[in-house]
Amino acid sequence: MPASLIHITGSQPLFFLQSAASSYVMGVHPQGTLCHLHWGPKVSDTAHDDFAALLDIPQRPFSTAVLNAEGKHVPLDILPCEYPTANTGDFAPPAIDIEHADGTRGFRLAYESHRVIPGKPSLPGLPATYVENDNEAATLEITLRDTPSNIAVILRYTVFANHDAIARSVRITNAGTQSATLRRALSAAIDFPDASAHSLDMIHLPGSWARERWLERQPLHSGEQWIASRRGVSSHQHNPFFALASSGAGEDHGEVFGFSLVYSGNHVGGIDVDQYARPRALTGIHPDGFAWRLAPGETFHAPEAVLVYSSRGLGGLSRTYHRLYRERLVRGPWRDRERPVLINNWEATYFEFTEDKLVAIAAGAAKIGCELFVLDDGWFGHRTAPDRALGDWTTNTGKLPNGLLSLVKRINDHGLSFGLWFEPEMVSVKSTLYETHPDWCLHFPGRPRTESRSQLVLDFSRPEVVDNIFAQMEAVISSAPIRYIKWDMNRHLAEIASAALPPERQGETAHRHILGVYALLERLLARFPDLLIEGCSGGGGRFDPGMLHYTPQIWTSDNSDAISRLRIQHGTSLVYPPCTMGAHVSAVPNHQVRRTTTLRTRCHVALAGVFGFELDPNTLGEADLAEVAALTALARKTRHLVRHGDLHRLADPFASDEAAWMLVLPDGSEALVTHVVTVIHANRPGKRLRLRGLTPDTSYRNELNPAEQWRGDFLLNVGLPVKYEADFGSVLWYLRRV
Ligand code: GLA
């Protein structure tokens, strides 16, 4: 275990979590409360006395207080509490709220003990960042306890040797003799100590279907400001991420504090700015509808929150998340493999396909350089329309009379591997599964069942439901060489209740459902370790770190229009690495927004993620085919930049009529630079893009136009000259060190 990551000083301990460029400091107040003292630029633990002095917090008028051992008032509503509790004198939003057997709510937690563990323990049943050996991290566990109920709260902090991030999680154990109910159990809280709330902005990623993760930034105001999902999934509407940024922070400068929740269900995140202008940030499972019964001896595990501090602006924040998430959140063999260029038949055929038509698409795809053919929705049960057959995962012999294996073999004959779409968590009312097990979906007994996209949600809190879907999927996946699955999820949850849980445990259903989703993913990957799974949820409605743990790539949005994608990909890239973003070239006019853009621009934009297609190549003319084949070859040649490159956002499509970004290998030897203009304006001044991450004292050649060559310091300090072409025009440079 690297000795330098966690320092603990003093008998009234102070805890210093020391990552490469930042420190996170907590201290135990003499009255027992664990207090938050600092998160930000690195400080030495020799500053023990300076930090200890911060715990001497003066009383203010009207403060709530307890008397300490010396008879001194300790102001409870001013203490910067590390894990604040409800209803015991701290009036800001709590991290935990508990209902005792007598119906009273709230407790006070006091520090009891701590220990340091080498490496990073896993979280039972939950996705999380991980290490591959104990030298990569150290973990601090601090136990807090409420003495009257004997309920312990264990806060866990992992500091990584190679990533400037802190992973926090919480577990709550009832060591008492009576049951209690958790009404809220968030994953992290931070009390920012100074009164600078009004020079901080909150940044978050709201959106909708086909408009996911449109970055928003607002100055903090007094009171509460939240992002939330009560939809049962992380959702298109609010990604489980937010950041606090100093008001002037940009891509390369300023302080930014990121909060990313490794969870795929209901979540809440945000800030309360109190009467002293102090922000308290919180993130975790949304308390609405949540009630977790803790019988004596039981433990609840809250999901992990990954906290990143950057003094190098939003770009620094993103690159830290990218590297951590692609190296130590995504797992399995596909973490380190180059991802195949895929072609998906959905927009080419929708439900109208035959075996021959699919094979023809695959034949066309082989000619342009695709490597994987994905058969989307419609291949199973009696699925001829969106209102039927979900849950019946057997081949639709009406559409594929020769069976799946015959199709797969014919696709393989064209040199493409084969992938298949599933929507495992769903059931159609018109299905054999629903006829057989009408109580297997989330529902309220005796009340109408809310449909969305004509489907209901299976109750994955029930192990027998997960077993059934696993058995069906296993039978299909082992019936043919299926190398990839697209795991879709196309509706949000309503009537969240389980026929299998007793009344006092109904409030556990939503979280148990998500645990069931994770359990199914675990089982499938254990059974088929080489399977590549792409996440999807009506496009990018479940693009979260929880899913990324199992699905190394996620379909970023159903909106594949190149111009719409500029904002969607820019917003998504705030947290998520390019190599996790499914980015496909589709037909024009675009099916979602009816816009027509050139094939070149569509390809250039898709080159920023996991490149693929949503069209029938047989509809392209000769010239387009040649161009698309050349760009697919380029995608294959440059995909190591998407896998390993550092992303620098160079122009912001939310703030201007253009977007630009670059992917550069960490050693500066290669870079892919893209510039796209959305609207041309007359008499626009010339533009230079100042590049990042190159080596100054060498030259770079543009592999796409070898006559173009520049010095590194010129590109870094003067900039790459950009010519504006036309509306929706794009330019790409593939720079290699000479
Ligand atoms: C969702 C997905 C699409 C497609 C359809 C099929 O909308 O995001 O890519 O798979 O479902 O029904």
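Counting starts at 1 for both ligands and their atoms, following the listed order. Quantities reported herein were computed from a predicted structural model and do not represent experimental measurements. The basis for the numbers below is simple: all heavy atoms, side chains too, and nothing from hydrogens, waters or symmetry mates.
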Within the side chain of His443, is there an N or O that forms a donor-acceptor pair under 3.5 Å with the backbone of Cys441?
yes
Using a 3.5 Å cut-off on N/O to N/O, what pairs does ligand 1 make with the protein? A line per pair would be great.
{"residue": "ligand 1", "atom": "7 (O)", "partner": "Asp558", "partner atom": "OD2", "Å": "2.9"}
{"residue": "ligand 1", "atom": "8 (O)", "partner": "Gly539", "partner atom": "N", "Å": "2.8"}
{"residue": "ligand 1", "atom": "8 (O)", "partner": "Asp558", "partner atom": "OD1", "Å": "2.5"}
{"residue": "ligand 1", "atom": "8 (O)", "partner": "Asp558", "partner atom": "OD2", "Å": "3.1"}
{"residue": "ligand 1", "atom": "9 (O)", "partner": "Lys486", "partner atom": "NZ", "Å": "2.7"}
{"residue": "ligand 1", "atom": "9 (O)", "partner": "Asp558", "partner atom": "OD1", "Å": "3.3"}
{"residue": "ligand 1", "atom": "10 (O)", "partner": "Asp376", "partner atom": "OD1", "Å": "2.6"}
{"residue": "ligand 1", "atom": "10 (O)", "partner": "Asp376", "partner atom": "OD2", "Å": "3.2"}
{"residue": "ligand 1", "atom": "10 (O)", "partner": "Trp421", "partner atom": "NE1", "Å": "3.1"}
{"residue": "ligand 1", "atom": "10 (O)", "partner": "Lys486", "partner atom": "NZ", "Å": "3.0"}
{"residue": "ligand 1", "atom": "10 (O)", "partner": "Asp488", "partner atom": "OD2", "Å": "3.3"}
{"residue": "ligand 1", "atom": "11 (O)", "partner": "Asp488", "partner atom": "OD2", "Å": "3.0"}
{"residue": "ligand 1", "atom": "11 (O)", "partner": "Asn490", "partner atom": "ND2", "Å": "3.2"}
{"residue": "ligand 1", "atom": "12 (O)", "partner": "Asp377", "partner atom": "OD2", "Å": "2.7"}
{"residue": "ligand 1", "atom": "12 (O)", "partner": "Arg453", "partner atom": "NH1", "Å": "3.1"}
{"residue": "ligand 1", "atom": "12 (O)", "partner": "Arg453", "partner atom": "NH2", "Å": "3.0"}

Test: Glu371 and Arg636 ion pair at under 4.0 Å
yes
Are Phe351 and Trp346, when compared by the centres of their aromatic rings, separated by less than 6.0 Å?
yes
Pairing of Asp392 and Lys430 as salt bridge, 4.0 angstrom limit
no
What is the distance from atom CH2 of Trp393 to atom CZ of Arg383, rounded to the nearest 0.5 Å?
7.0 Å
is_close_aromatic(Phe241, His204), centroid dist under 6.0 Å:
no
